[in-house]
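Please read the structure below before turning to the comments.
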Amino acid sequence: MAQPTKTPLSEALKRLVGQPVSAIDTPSLVLDLDAMQRNLSRMAEFARKHDIRWRPHAKMHKSSALAKLQMQAGAVGVCVQKVAEAEVMVQGGVPNVYISNEVVAPSKLARVAELAHQLAASHGQLAIAVDSLEGVRRLAVAMNERRHGGGAPAVIDVFVEIDVGQGRCGVPPGRAAVELAHEIRKHPALRFAGLQAYHGRAQHLRTAQARRDAIGVVVQDVLFTRKQIEAEGVPVELVTGAGTGSMVCEAASGVFGELQAGSFLFMDADYAANERDPAQPQFEHALFVKSRVMSSGLRHAVCDAGHKSHAIDSGLPTVLALEPTGQLEYSNGGDEHGILRPAGANQRVPQLDDVVWLIPGHCDPTVNLHRYLIGVGGGIERGKVEKIIRVDARGALT
Ligand SMILES: Cc1ncc(COP(=O)(O)O)c(C=O)c1O
């Protein structure tokens, strides 16, 4: 069982609660709690309006506390990508967890079966994705072995993943999915729960029309597959998928019953570069790296946050334009440094001790670099630290 990162909060961190934002040391990962709450409310409202379930992806925030907050707002549970993430969520008290990913190693499947039984004993539910006959059979073996170990019997929900254009996991739409559905139904400890159709590469297609076109193809693939499965007398109860970039399309399709979007809660710079679909709720940036200028020259300044503070796989951070620094451009200064240049000709170069707020390019791997999120209420300029949120599934990769 993966151990959540339960290092006790340091005295310095505990003392920070109630302090003004200026007391937060740099570089630190800071969460604007008000902006996050607005994102959460907008998502809940969107789901209500479209009469669709949402099971947001917790691989983004890796925090059981935030997972529970999402469930209080109406989410049916959370998705995770790793067994270790699922273990941390369950230990943190999250009752509905979907491992939206393939797991085939018998040692991991034994942990999956253990979790399924643990959740069933407390009226919770575990779900998992599959894309191979071998994967289904191994899952069934693991569930049966655990069943003989005692306790109330559990049934795990199993989604067949189809590859709808990403070229990652998933069987091709059509016949292969039918065969997997039949195989799942042969095993009493497994329940065929429906289809997973997630198109990761569509999320950052820059125009709304390009994303609509890509999801249009996804919907055809799902309809084609669902029809074949149902033609053999097997109901497809739920189709699950969608990320923050495309969720308006899946929600409007009438085919998807569940949204897995995760990043909407924090919103990163890469998502901000997408043209917003008019149907998309206005999600705001809630995640920032607070950084400080440590060197200042004639043409540029240097801040204390490099790519050990934020992930750069989806591009460098952008800088929040605030007084006194104004609009700045960030370029890569290595692990521990960021180079800052004024964006306009008549702007001053940032001075020593100036604070800059970086908007990470990609929220998921940025969060995974930090043990805590420092939650600020009242805005990041003039607010106060309200709580420290543990990233308890940080590094939960197995
Ligand atoms: C299977 C799956 N579902 C949902 C998501 C959530 O996407 P996002 O965080 O971009 O909203 C991801 C992200 O990679 C994913 O892999």
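The residues of the chain are indexed from 1 along the displayed sequence. Counting starts at 1 for both ligands and their atoms, in listed order.
- Close N/O approach between Gln203 and ligand 1 is not found [any backbone or side-chain N/O within under 3.5 Å].
- For Phe159 and Phe192, the gap between ring centers reaches or exceeds 6.0 Å.
- Contact atoms of ligand 1 toward Gly243: 7 (O), 11 (O) (distance under 4.0 Å to a heavy atom of the residue).
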Step by step, work out the side-chain contact (heavy atoms from CB on, under 4.5 Å) result for Ile24 and Val385.
-> CA-CA 8 Å; Ile24 302 173; Val385 176; 3.8 Å; yes

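- The six-membered or imidazole ring of His285 lies away from that of Tyr271, with a centre-to-centre distance of 6.0 Å or more.
- Side-chain atoms of Lys387 do not come within 3.5 Å of backbone N or O of Leu373 as any donor-acceptor pair.
- Which parts of ligand 1 touch Lys59 is read off a 4.0 Å heavy-atom cut-off, strictly below it: atoms 12 (C), 13 (C), 14 (O), 15 (C), 16 (O).
- Under a 3.5 Å cut-off, the side chain of Arg42 and the backbone N or O of Gln282 do form a donor-acceptor pair.
- When atom types are taken as modelled, the side chain of Thr366 and the backbone of His362 share a donor-acceptor pair closer than 3.5 angstrom.
- For atom 16 (O) of ligand 1, the nearest non-hydrogen atom from the set Arg55, Gln81, His362, Gln260 comes from Gln81.
- For the pair Gln196 (side chain) and Ile128 (backbone), a donor-acceptor distance under 3.5 Å is absent.
- Each of the following atoms of ligand 1 lies closer than 4.0 Å to a heavy atom of Ala261: 11 (O).
- If you number the atoms of ligand 1 from 1 as listed, the ones under 4.0 Å from a heavy atom of Tyr271 come out as 8 (P), 10 (O), 11 (O).
- Here the heavy atom of the protein found nearest to atom 9 (O) of ligand 1 is Ser263 OG, 2.6 Å.
- Where the criterion is an N or O separation shorter than 3.5 Å, residue side chain and backbone included, Asp364 fails it with respect to ligand 1.
- Distances from ligand 1 to the non-hydrogen atoms of Arg168 include at least one value under 4.0 Å.
- Which of Phe266, Phe264, Tyr198 comes nearest to atom 5 (C) of ligand 1 through a heavy atom is settled by distance: it is Tyr198.
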